[in-house]
Visitor: 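Could you have a look at this structure, given as structure tokens, before my questions?
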2 protein chains.
Amino acid sequence: MSNLKAVAEHSKVSIATVSRVINNDPKVSRETVLKVQASIAALEFKPNRVAQRLRSSNSKTKLLGLIIPDIQNPFFVDVVRGVEDYAYQNNFAVMIGNFGQDEKKEKLYLDIFQSENIDGLIVAPIHGKDKGIENLVKKNIPVVCIDRGLTEIDVDVVKVDNELGAFNAIDHLLNMGHKRIAFISGNFKIPTYIERMSGYKKALEKHGVAFDESLVFARNTDYKSGFEIAQKILELEERPTAIFSGNNLLTLGALEAIHAENIKIPEEISIIGFDDMPWSISLNPPLTAVRQPGFDMGRKAAEMLYERIANPGKKKENVILKTELMLRKSTTRIE
Amino acid sequence: MSNLKAVAEHSKVSIATVSRVINNDPKVSRETVLKVQASIAALEFKPNRVAQRLRSSNSKTKLLGLIIPDIQNPFFVDVVRGVEDYAYQNNFAVMIGNFGQDEKKEKLYLDIFQSENIDGLIVAPIHGKDKGIENLVKKNIPVVCIDRGLTEIDVDVVKVDNELGAFNAIDHLLNMGHKRIAFISGNFKIPTYIERMSGYKKALEKHGVAFDESLVFARNTDYKSGFEIAQKILELEERPTAIFSGNNLLTLGALEAIHAENIKIPEEISIIGFDDMPWSISLNPPLTAVRQPGFDMGRKAAEMLYERIANPGKKKENVILKTELMLRKSTTRIE
DNA sequence: TTGATAAATGTAAACGTTTACATTACAAAT
DNA sequence: ATTTGTAATGTAAACGTTTACATTTATCAA
């Protein structure tokens with residue numbers, strides 16, 4: 001690869017001048033700008049971003065870190081797309097780390113990204129007391145948390161009103177006459193699920209239905225967990241009339257378990273899933289789901305990160321986006 | 001962040017010695033190793049990967065580029081997971097670029113990744129004559145192509161036998177008595193679709209069914225295209241009895257169009273999708289699909305890249321993985 | 001003509017590493 | 001006592017930029 005020096009020699013100026021040209025420094029004459037640009041084109045010179053990043057701490061070389069819990073979860077894919085969309089428009093490159101709910105892996109990515117001198121980080125913390133992320137914030141590295149916040153420290157957050165989202169879903173079921181509603185949750189270490197649980201309880205309260213702990217199941221957030229938990233639910237002596245499933249992978253697993261038992265949805269059991277997906281409408285039957293605006297969350301987070309990089313001292317923000325209950329065919333009224 | 005110098009001062013050795021310690025250079029005494037390691041721990045020193053990368057060209061700082069056409073396509077998500085899995089085990093970091101079938105964006109990522117001094121690149125070329133990628137290969141930057149190869153130049157490739165995959169699907173439909181089989185394809189600039197088309201034709205040939213160009217539709221590879229093309233297909237005066245859909249997003253779009261018209265699958269129309277997905281089994285009805293081993297492709301590509309980095313001169317490889325036809329409920333026999 | 005001021009360009013240090021080469025210390029061989 | 005060899009460590013240049021500061025050149029007022 002050609003470098004500044006080569007360009008400088010080619011156009012018979014100093015490397016400083018070339019550097020100024022590529023950085024649009026106004027104090028270089030029109031004439032030399034053209035000359036240098038010609039050389040740059042001739043030699044197909046591209047500035048080395050590694051050297052740029054090493055030299056200048058002030059985010060000349062735009063690089064952004066994005067750490068997500070599970071790239072198999074289409075919700076996070078939407079988030080990635082949102083971040084990437086904004087980044088691309090603003091000439092940032094994005095480095096993605098996927099930690100699959102493995103705390104060690106999350107830590108590793110935190111370290112690597114730091115060592116890569118990223119300008120800022122967007123991350124979905126594995127839990128609310130994530131020390132690794134706290135440290136970054138304390139070091140004044142720009143951080144925006146997504147989907148989940150941090151409890152011990154003030155930080156920018158973009159999330160969804162999980163409590164209200166869950167509340168609305170359960171409220172809908174209760175309105176349709178359901179009383180025994182099972183909840184397939186993710187691990188309660190994850191703040192999101194704590195909030196959804198809280199929405200679940202509040203809705204029951206509102207309708208004067210007693211909370212029954214034996215209807216709540218929390219394991220991992222993957223397909224298999226959904227499948228296994230649903231199997232257990234279906235075996236219960238007094239079978240629930242409805243299931244509220246905590247994320248899209250759990251829902252898929254649950255659906256498979258239900259279909260495997262040849263149980264009819266919604267006649268024999270109703271189901272609402274958290275997370276709406278492109279295929280929800282093509283499922284059997286079309287799934288009633290709580291829609292999270294993943295793309296918007298990603299975009300908003302990137303935007304906020306951008307602002308924080310530009311202005312590190314500014315007050316921390318807490319953005320809460322709305323969910324939407326998408327009514328389809330997987331729920332029905334019972335008496 | 002603390003640096004080599006700080007550690008050197010703390011442990012009263014030269015920075016060269018510290019560098020040797022972090023690189024496990026055998027020619028440093030047991031004693032000093034311990035002393036330096038203590039300082040490293042005390043100061044929480046992490047080597048700056050940017051500086052490492054700048055200084056040493058020989059891939060000390062393991063960084064890998066991965067460029068994919070569409071992160072919304074779960075097939076590519078599987079590929080990403082495969083690559084990441086291998087990378088993580090071998091202490092590589094992965095930088096991901098998603099170009100959304102936009103050639104400009106692909107070019108930009110190619111440039112950026114190069115400027116980032118990546119050690120190697122895994123990429124799904126936008127078409128077979130991709131000059132940008134050709135250039136990288138010519139510059140001896142380790143490159144592995146995935147899903148699609150390059151026609152003009154010898155390069156490592158990991159792909160799937162698209163022709164055979166499509167052949168088997170169409171053969172299955174023909175065996176069940178279908179004669180008018182529509183093909184919802186992606187753009188024929190993309191080699192994958194050329195190959196699938198070829199399999200489609202060969203199957204027709206085998207069964208002595210005349211090829212009817214008006215049954216082939218090629219547009220983009222997204223949800224919307226699938227929906228719109230399916231609408232057109234359903235409006236055809238003589239409606240096809242089966243649809244072969246070129247990728248999972250197209251399939252989803254097509255399904256929605258079919259459901260919107262209240263047309264029964266498979267009684268009124270059969271459908272097979274290329275790409276099997278976790279939710280295929282929960283679709284209405286469970287979808288017969290051609291399964292591509294995305295995760296394995298990703299892992300294999302990463303592995304090959306690793307080998308090429310270690311041994312740049314080695315002969316280029318061409319790995320072709322098998323597809324599998326997952327028989328479910330979206331196809332039926334007709335007379 | 002001179003001196004002052006501004007504009008354009010150049011010089012060289014710095015960013016945090018790696019590494020070729022030089023130096024030191026010490027044991028073993030002469 | 002001198003040489004030789006080896007192991008451990010240090011010195012300084014290099015990677016490709018940016019940028020504070022210095023220098024040159026041009027412009028213009030006096």
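Heavy atoms only: backbone and side chains are in, while hydrogens, waters and symmetry mates are out. Lettering of chains follows the sequences in order, A, B, ..., and the numbering in each one begins at 1.
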Visitor: Among the nucleotides C/dT9, D/dG10, D/dT18, which one has an atom lying closest to any side-chain atom of A/Arg55?
Guide: D/dT18
Visitor: May I have the distance from B/Glu9 (atom CD) to C/dG16 (atom P), rounded to whole angstrom?
Guide: 13 Å
Visitor: Examine C/dG16: is either OP1 or OP2 under 4.0 Å from a nitrogen or oxygen in the side chain of B/Gln52? Give yes or no.
Guide: no
Visitor: With side chain to side chain donor-acceptor pair (under 3.5 Å) as the rule and sequence neighbours excluded, what pairs involving residues 32-45 of chain B come up?
Guide: B/His10-B/Ser39, B/Ser29-B/Thr32
Visitor: Salt bridge check, A/Arg299 against A/Asp85: does any charged N sit closer than 4.0 Å to a carboxylate O?
Guide: yes
Visitor: How many whole angstroms separate atom CD of B/Glu116 from atom P of D/dT17?
Guide: 13 Å
Visitor: Please give, in whole Å, the distance from C/dT17 C1' to B/Ile40 CD1?
Guide: 13 Å
Visitor: Nearest whole Å is fine: how far is C/dG16 P from B/Asn3 CG?
Guide: 5 Å
Visitor: What is the distance, to the nearest angstrom, from the NZ atom on A/Lys35 to the C1' atom on C/dA8?
Guide: 11 Å
Visitor: Would you please indicate yes or no on a ring centroid separation below 6.0 angstrom for B/Phe92 and B/Tyr86?
Guide: no
Visitor: Atom CG of A/Asn48 and atom P of D/dA14: how far apart are they, to the nearest Å?
Guide: 18 Å
Visitor: Using the closest heavy atom to pick a nucleotide of DNA chain C for each, name whichever of A/Glu31 or A/Ile15 lands nearer the 5' end.
Guide: A/Glu31
Visitor: If you only use heavy atoms from C-beta on, which nucleotide in C/dT17, C/dA8, C/dC15 is closest to the side chain of A/Ser29?
Guide: C/dA8
Visitor: It should be established whether B/Ser14 places a side-chain nitrogen or oxygen under 4.0 Å from OP1 or OP2 of nucleotide D/dG10.
Guide: yes
Visitor: Looking at A/Glu84 and B/Lys105, is any side-chain nitrogen of the basic one under 4.0 Å from a carboxylate oxygen of the acidic one?
Guide: yes
Visitor: Mind checking if B/Ser19 touches a base, just sugar-phosphate, or nothing, with heavy atoms under 4.0 Å?
Guide: base
Visitor: For B/Leu54 and C/dG16, what is the distance between atoms CG and P respectively, to the nearest whole Å?
Guide: 12 Å
Visitor: Look at A/Thr32 and C/dA8 and indicate whether a side-chain polar atom (N or O) is within less than 4.0 Å of OP1 or OP2.
Guide: no
Visitor: Just the rounded figure in Å: distance from C1' of D/dC21 to CZ of A/Arg20.
Guide: 10 Å
Visitor: Identify whether any heavy atom of B/Arg49 sits under 4.0 Å from a base atom; if not, whether one sits that close to sugar-phosphate; answer base, sugar-phosphate or nothing.
Guide: nothing
Visitor: What are the two closest non-hydrogen atoms of A/Asn98 and A/Ile71, and how far apart are they?
Guide: OD1-N, 3.0 Å
Visitor: Is there a donor N/O on one and an acceptor N/O on the other, under 3.5 Å, for the side chain of A/Arg53 and the base of C/dG16?
Guide: no
Visitor: Between B/Ala51 and B/Lys12, name the one whose nearest nucleotide on DNA chain D is closer to the 5' end.
Guide: B/Lys12
Visitor: Please classify the nucleic acid contact of B/Val50 as base, sugar-phosphate, or nothing, using heavy-atom distances under 4.0 Å.
Guide: nothing
